[in-house]
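Side chains are part of it too, since the values below use all heavy atoms of this structure and drop only hydrogens, waters and symmetry mates. Whatever order the structure lists them in is the order used to number ligands and atoms, beginning at 1.
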Amino acid sequence: MPEQSMQAAWIADPIGGDFSIRVGDTKAPAPRDDGFLVAVEAVGLTFAEPTWATNGTLPLPDGSKRPLPVIIGHEFAGRVAFAGANTSGFAVGDPVFGLIDFWRNGAAAELASVLPGEIARMPDGVTSVDACTLPIGALTAWQALFDHARLAKGETVLIHGGAGAVGAFAIQIARDAGARVVATVKGKDAVSLCLALGAEHAIDTDVERFEDVAGAVDVVFDTVGHDLLERSWAFLPRGGRLVTISGEAEDAPSPERAAALGIEAYWFIVKPDPGQLGQIVAMVADGRIVVQIDREYPLSEAPRAFMEANDRPRRGKTVLVVRE
Ligand SMILES: NC(=O)c1ccc[n+]([C@@H]2O[C@H](COP(=O)([O-])OP(=O)(O)OC[C@H]3O[C@@H](n4cnc5c(N)ncnc54)[C@H](OP(=O)(O)O)[C@@H]3O)[C@@H](O)[C@H]2O)c1
C-alpha cells in the first residue's frame, strides 16, 4: 500500500520568489488508474530548476494555480510500487527510470506519480544512480543533436559547456554517431574530461576564443547561453544549425535572424520519450556512454546540494540518493 506521507524536497516559496530548497514530510501522491507510483531510488538534479517558469509564478496550462509544495527533481530511477488498473507494460517491483512532465511534481521524494509515456525499463547492470541522470542529462543531448540539429556522421559539432551535466553526454553521443566534436569549457580539468569523453578539441573559454581554434563546424549545441550563444550566430556557416537549451521560451532564437543568416536556430524543452530512453540506456549498459557523476547527496541533504552547487565547478551530474 502506498505511504500516506513521505519525505520530499521542494522549492520553499515559488510564488514569492524565495527559491531555497526544503526537505520535510508531505502528502504522498495518490494512486491513479492511468499511472504508476514509483518507489524512488535516485534523482538527477538540475540546479537551474528552481528558476524555471513551470516551477515559479506561472499558472498551470489550464489556468489554475499550481498546488504546493512544488517537488523538484524530474528525472529519476526506482521501482514500480503501484500499477494502475488501466496501465500495462510494467508491474510492481519492475526497475524503471524516466522523466516527469515539468508541470507536475518531481521525484525528489520517497514516492513519485508517473505516467506510462514517461518511463522505460532499467536494464540489469545499470545502477539507479546512473540511470536517473539520463532522462534530462542524456535525453536532452540526444534530442538536441538528432531531433533538432539532425547531426550526421562526418559532421562537426561545437558543444558549449562540454563538461556539464548535458554537455558530457552530448560529447559521447555525438562521437558515437560518428561526428567530430569540439567543446568549450571552463578550467583545465574540464579540458581533460572532455578529451577523455571523446572531444577532439576542448577550448578553455578563459584562455582561448572558440572562433580562433574550433575550425569549421556544421552544428553548435549550446548549454551555456549569454556571450557564447550570441557569438555562435556569426560563427556558423550558411546551412549551419544552432540549438540552444539555455534560458526560457522568451529567449528562444529569432527565426527571422536565422533566416537572414541562412542558418537554422532552435530552442526546445526535453520531452519524455521511452523509445529514445531505451536506446540511451542500452548504450550505458554496453559501455558506449559513461555516466559522469559529479556528486551524490542523500535526499535529506538536498538543500546543501543546491547551496554548494554555485560555489564549485560542475563536472557531470549531481544525484540525490533517496533509497540505497
Ligand atoms: N531546455 C531543456 O530541455 C533543458 C534541459 C536540461 C538543461 N537545461 C538547461 O541547460 C543549462 C545547462 O544544464 P546542465 O544541467 O548541463 O548545467 P551544468 O551541469 O551546470 O553545466 C553547465 C556547464 O557549462 C560550463 N560553463 C559555464 N560557463 C561557461 C563558459 N563561459 N565557457 C565554457 N563553459 C562554461 C559550466 O562550467 P562551470 O561549472 O565550471 O562553471 C558547466 O560545466 C541550464 O541552464 C539548464 O537549465 C535545459
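- In this structure, a donor-acceptor pair under 3.5 Å is absent between the side chains of Asp251 and Ser246.
- Aromatic rings from Phe306 and Phe47 are positioned such that their centres are separated by under 6.0 Å.
- Nearest to atom 41 (O) of ligand 1 among the protein's heavy atoms is Lys186 CD, 4.0 Å.
- The nearest protein atom to atom 8 (N) of ligand 1, hydrogens excluded, is given as Ile245 CD1, 3.6 Å; this is a heavy-atom distance.
- Contact between Trp52 and ligand 1 is present, with at least one heavy atom of the residue lying under 4.0 Å from the ligand.
- Aromatic rings of Phe36 and Phe82 (six-membered ring for Trp) have centroids beyond the 6.0 Å cut-off, not under it.
- Set against the non-hydrogen atoms of Leu228, the atoms of ligand 1 under 4.0 Å away are 30 (C), 31 (N), 32 (N), 33 (C).
- Between Ala302 and Ile21 the shortest heavy-atom distance is CB-CG2, 4.1 Å.
- In the vicinity of Val185, heavy-atom distances shorter than 4.0 Å reach the ligand 1 atoms 32 (N), 33 (C), 34 (N).
- Closer than 4.0 Å to atom 5 (C) of ligand 1 lies at least one heavy atom of the protein.
- Two rings, from Phe210 and His160, have their centers less than 6.0 Å apart.
- Remark: minimum distance from atom 46 (C) of ligand 1 to any protein heavy atom is reached at Thr46 CG2, 4.1 Å.
- For ligand 1, the atoms closer than 4.0 angstrom to any heavy atom of Phe268 are 1 (N), 2 (C), 3 (O).
- Protein heavy atom at the shortest distance from atom 21 (O) of ligand 1 is Gly164 CA, 3.2 Å.
- Between the side chains of Asp273 and Gln143, no donor N or O sits under 3.5 Å from an acceptor N or O.
- Atoms of ligand 1 found under 4.0 Å from any heavy atom of Pro313 (numbered from 1 in listed order, with element): 39 (O), 40 (O).
- With sequence neighbours excluded, the residues forming a side chain to side chain contact (heavy atoms under 4.5 Å, CB included) with Thr205 are Thr184, Lys186, Leu228, listed by chain and number.
- Heavy atoms of Ala163 come nearer than 4.0 angstrom to ligand 1 in at least one pair.
- Between Gly167 and ligand 1, not a single N/O pair is under 3.5 Å apart.
- Using a 4.0 Å cutoff on heavy atoms, Glu49 does not count as a contact of ligand 1.
- The protein heavy-atom contact nearest to atom 35 (C) of ligand 1 is Val224 CG2, 3.7 Å.
- Of the candidates Arg180, Arg241, Arg175, Glu155 forms a salt bridge (charged side-chain N to carboxylate O under 4.0 Å, His left out) with just one, namely Arg241.
- Cluster membership check: Phe146 does not share its hydrophobic cluster with Leu242, using side-chain heavy-atom separations under 4.5 Å among Ile, Leu, Val, Met, Phe, Trp and Tyr.
- Glu250 CD: more than 12 foreign heavy atoms inside a 6.0 Å radius.
- The protein heavy-atom contact nearest to atom 17 (O) of ligand 1 is Ala165 N, 4.5 Å.
- Distances below 4.0 Å separate heavy atoms of Ala48 from the following atoms of ligand 1: 47 (O).
- Nearest to atom 32 (N) of ligand 1 by heavy-atom distance, out of Thr205, Leu99, Ile159, Leu139, is Thr205.
- For ligand 1, the atoms sitting less than 4.0 Å from at least one non-hydrogen atom of Arg315 are 37 (O), 38 (P), 39 (O), 40 (O), 43 (O), numbered in the order shown with element in parentheses.
- With respect to atom 16 (O) of ligand 1, the closest heavy atom belonging to the protein is Val166 N, 2.9 Å.
- Side-chain atoms of His148 and Glu264 include no donor-acceptor pair closer than 3.5 Å.
- Taking a cut-off of under 4.0 Å to the non-hydrogen atoms of Gly161, the atoms of ligand 1 that pass are 24 (O), 34 (N).
- Taking the ring axis of Trp233 as reference, the NZ or CZ atom of Arg257 stays within 45° of it and closer than 6.0 Å to the ring centre.
- Under the 4.0 Å criterion applied to side-chain N and carboxylate O atoms, Glu75 and Lys317 are assigned as salt-bridge partners.
- Here the heavy atom of the protein found nearest to atom 12 (C) of ligand 1 is Thr223 O, 3.3 Å.
- Looking at Thr140 next to ligand 1, no N or O pair under 3.5 Å apart turns up.
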